Engineer: 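Quick one: the structure is below, questions incoming.
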Amino acid sequence: MSQITLPAFHMPFQSAGCHPGLAKTREAAWEWAESEGLDLSVPARKKMIRTRPELWISLIFPKASQEHLDLFCQWLFWAFLVDDEFDDGPAGRNPLMCEKAITRLVDVLDGAAPNGPMERSLAGLRDRTCPGRSPQWNRQFRRDTAAWLWTYYAEAVERAAGQVPSRSEFAKHRRDSVAMQPFLCLHEITAEIDLPESARSLPAYIALRNAVTDHSGLCNDICSFEKEAALGYEHNAVRLIQRDRGCTLQEAVDEAGIQLARIAERVQRAEKELIQEIEAAGITGPTRAALERCVQDYRGLVRGDFDYHARAERYTRPDLVELDERDSLSQYFAA
């Protein structure tokens, strides 16, 4: 077990609870994976069970309809499969293989005909999610999802070149690579809102999305650093702090904890500034209500993400990592 002591993290937001349909969503996710031909290897299946995507989605969206909860969990299941393939498998260490795979996934996201189970399952998720949404929502969701996918290629190239990003470079990269932004778009579906372009362009709204995303990324890195260190994965904020400062791992974790508290303060500051900008811009009616809903729900989203990382064995049990997992992954992208 770990010899590192995690700091007492500052968390100013109250829990919004957990969706009562968690068990149904878990069952639906595994049935969906089987129906899509996503035949997980034994190590990949064990890892997904430890990951518990149904828990994250139920903490993030505790009041969603069961239909939305199931759909969003299937997106997350698919995203975790992609993440494990490129973080831990050979596809993430072969830039040519990675480029080919990511290009195909983004093409399918844009409407291309799919090939293979990962592409077909993505096409199905796309077709169940995007129709009926506004052009501005679809642009945002496409940008956020494609940007997340292309971070795997950036990391594959850096690994192949023997490069490690600076802490400031990594912070910008992590904002996309944590994949939180697409789920902020999915929040609009269950909240029954659809922000106009003017609202999406408000500086404080952008700052709020970024702070929520940054909190998730750093929380994930703090809780993942031991597992990722065992697999030789260097794109982790804790590891970069340790490299930059030449400090012990415990000192790096402690500094990351301080940074996490500062990001929570950024969330609160962005909330206040967004209310001020709503007033200054004279925003009223449904747009004002939609932005106020984001302010309200994003707090619970930050807390839900925080609580998930303290409960899922993917993060709480780094000793369960199997060092030979890598060779059994990437079955979808090796061709």
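Because the structure is predicted, anything quoted here is derived from the model rather than measured.
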Engineer: Should the pair D176-R143 be classified as a salt bridge under the 4.0 Å nitrogen-to-oxygen rule?
Structural biologist: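 Here D176 pairs with R143 in a salt bridge, since their nearest N and O are under 4.0 Å apart.
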
Engineer: Going by heavy atoms in the side chains, are L218 and I222 under 4.5 Å from each other?
Structural biologist: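 They are in contact (side-chain heavy atoms under 4.5 Å apart), so the answer is yes.
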
Engineer: List the steps and the verdict of side-chain contact (heavy atoms from CB on, under 4.5 Å) for T103 and K100.
Structural biologist: CA-CA 5 Å; T103 298; K100 178 181 177 182; 6.0 Å; no

Engineer: Honestly curious: do I206 and I193 fall in one hydrophobic cluster under the side-chain, below-4.5 Å linking rule?
Structural biologist: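 No, it is not one cluster - the side chains of I206 and I193 are not joined through contacts under 4.5 Å.
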
Engineer: Whether E251 and R245 form a salt bridge (side-chain N of Lys/Arg under 4.0 Å from carboxylate O of Asp/Glu) is what I want to check.
Structural biologist: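 No.
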
Engineer: Less than 6.0 Å separating the ring centroids of Y308 and Y315?
Structural biologist: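 For Y308 and Y315, the ring centres are under 6.0 Å apart.
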
Engineer: Between H10 and E265, do the side chains contain an N or O donor and an N or O acceptor separated by less than 3.5 Å?
Structural biologist: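 The criterion, which ignores hydrogens and geometry beyond distance, is not satisfied for E265 and H10.
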
Engineer: Is there a side-chain contact between R239 and V164, using heavy atoms and a 4.5 Å cut-off?
Structural biologist: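 No. Closest side-chain heavy atoms not under 4.5 Å.
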
Engineer: For E34, I'd like to know if atom CD has over 12 heavy atoms of other residues, nucleotides or ligands within 6.0 Å.
Structural biologist: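 Open: at most 12 neighbouring heavy atoms sit under 6.0 Å from CD of E34.
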
Engineer: Is there side-chain contact between L184 and T213, with heavy atoms separated by less than 4.5 Å?
Structural biologist: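 A side-chain contact under 4.5 Å exists here.
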
Engineer: If you look only at distance, which donor and acceptor atoms sit under 3.5 Å apart when one is on a side chain in residues 297-305 and the other is two or more places apart or in another chain?
Structural biologist:
residue, atom, partner, partner atom, Å
D297, OD1, R293, NE, 3.3
D297, OD2, H187, NE2, 2.8
D297, OD2, R293, NE, 2.5
D297, OD2, R293, NH2, 3.4
Y298, OH, Y205, OH, 3.4
R299, NE, E271, OE1, 3.0
R299, NE, E271, OE2, 2.8
R299, NH2, E271, OE1, 2.8
R303, NE, D307, OD1, 2.9
R303, NE, D307, OD2, 3.1
R303, NH1, F13, O, 2.6
D305, OD1, W56, NE1, 2.8
D305, OD1, S216, OG, 3.2
D305, OD2, S216, OG, 3.4

Engineer: Step by step, would you call D194 with R200 a salt bridge (charged side-chain N to carboxylate O under 4.0 Å, His left out)?
Structural biologist: CA-CA 10 Å; D194 199 326; R200 297 180 192 280; 3.5 Å; yes

Engineer: Can you tell me if CD on E67 sees more than 12 non-hydrogen neighbours from other groups inside 6.0 Å?
Structural biologist: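 Not more than 12 within 6.0 Å, no.
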
Engineer: Can E292 and Q296 be counted as having a side-chain donor-acceptor contact under 3.5 angstrom?
Structural biologist: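 There is no such pair (donor and acceptor under 3.5 Å, judged by atom type) between the side chains of E292 and Q296.
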
Engineer: I'd like to know whether the aromatic ring centres of F61 and W75 sit less than 6.0 Å apart in this structure.
Structural biologist: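 F61 vs W75: aromatic centres not under 6.0 Å.
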
Engineer: Does this structure show an ion pair linking R174 with D214, if we count only N-O contacts that are shorter than 4.0 Å?
Structural biologist: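 The answer is no: the pair does not qualify as a salt bridge.
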
Engineer: State plainly whether the residues D70 and K24 are in salt-bridge range, i.e. N to O under 4.0 Å.
Structural biologist: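 Salt bridge: no.
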
Engineer: Can you confirm whether Q259 sits close enough to R167 that some side-chain heavy atom of one is under 4.5 Å from a side-chain heavy atom of the other?
Structural biologist: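 They are in contact (side-chain heavy atoms under 4.5 Å apart), so the answer is yes.
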
Engineer: Can you measure from CZ (R311) to CG (L55) and round to the nearest 0.5 angstrom?
Structural biologist: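 Reported value, rounded in 0.5 Å steps: 5.0 Å.
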
Engineer: Do M180 and H215 have side-chain heavy atoms sitting under 4.5 Å apart?
Structural biologist: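 M180 vs H215: side chains apart.
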
Engineer: Excluding sequence neighbours, so at least two apart, what forms ring-ring contact (aromatic ring centres under 6.0 Å, His included) with Y152?
Structural biologist: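 Listed in chain order: F86, W148.
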
Engineer: Quick one: are Q250 and D254 in side-chain contact, heavy atoms under 4.5 Å?
Structural biologist: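 Q250 vs D254: side chains touch.
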
Engineer: I'd like to know if R175 and D144 make a salt bridge, using a cut-off of under 4.0 Å between side-chain N and carboxylate O.
Structural biologist: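 Answer for the salt bridge query: no.
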
Engineer: Is there a side-chain contact between E188 and R133 in this structure, where contact means two heavy atoms from C-beta onward sitting under 4.5 Å apart?
Structural biologist: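 E188 vs R133: side chains touch.
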
Engineer: Indicate yes or no: at least one non-hydrogen side-chain atom of W32 is less than 4.5 angstrom from one of S121.
Structural biologist: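 Answer yes - side chains close enough.
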
Engineer: Applying side-chain contact (heavy atoms from CB on, under 4.5 Å) to V238 and I241, what does each step give before you reach the verdict?
Structural biologist: CA-CA 5 Å; V238 174; I241 291 171; 5.6 Å; no

Engineer: Test side-chain contact (heavy atoms from CB on, under 4.5 Å) on R209 and C185; report intermediate values, then the result.
Structural biologist: CA-CA 10 Å; R209 278 180 65 108; C185 295; 4.1 Å; yes

Engineer: Ion pair present between E279 and R288, side-chain N to carboxylate O less than 4.0 angstrom?
Structural biologist: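 Yes, charged N to carboxylate O under 4.0 Å.
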
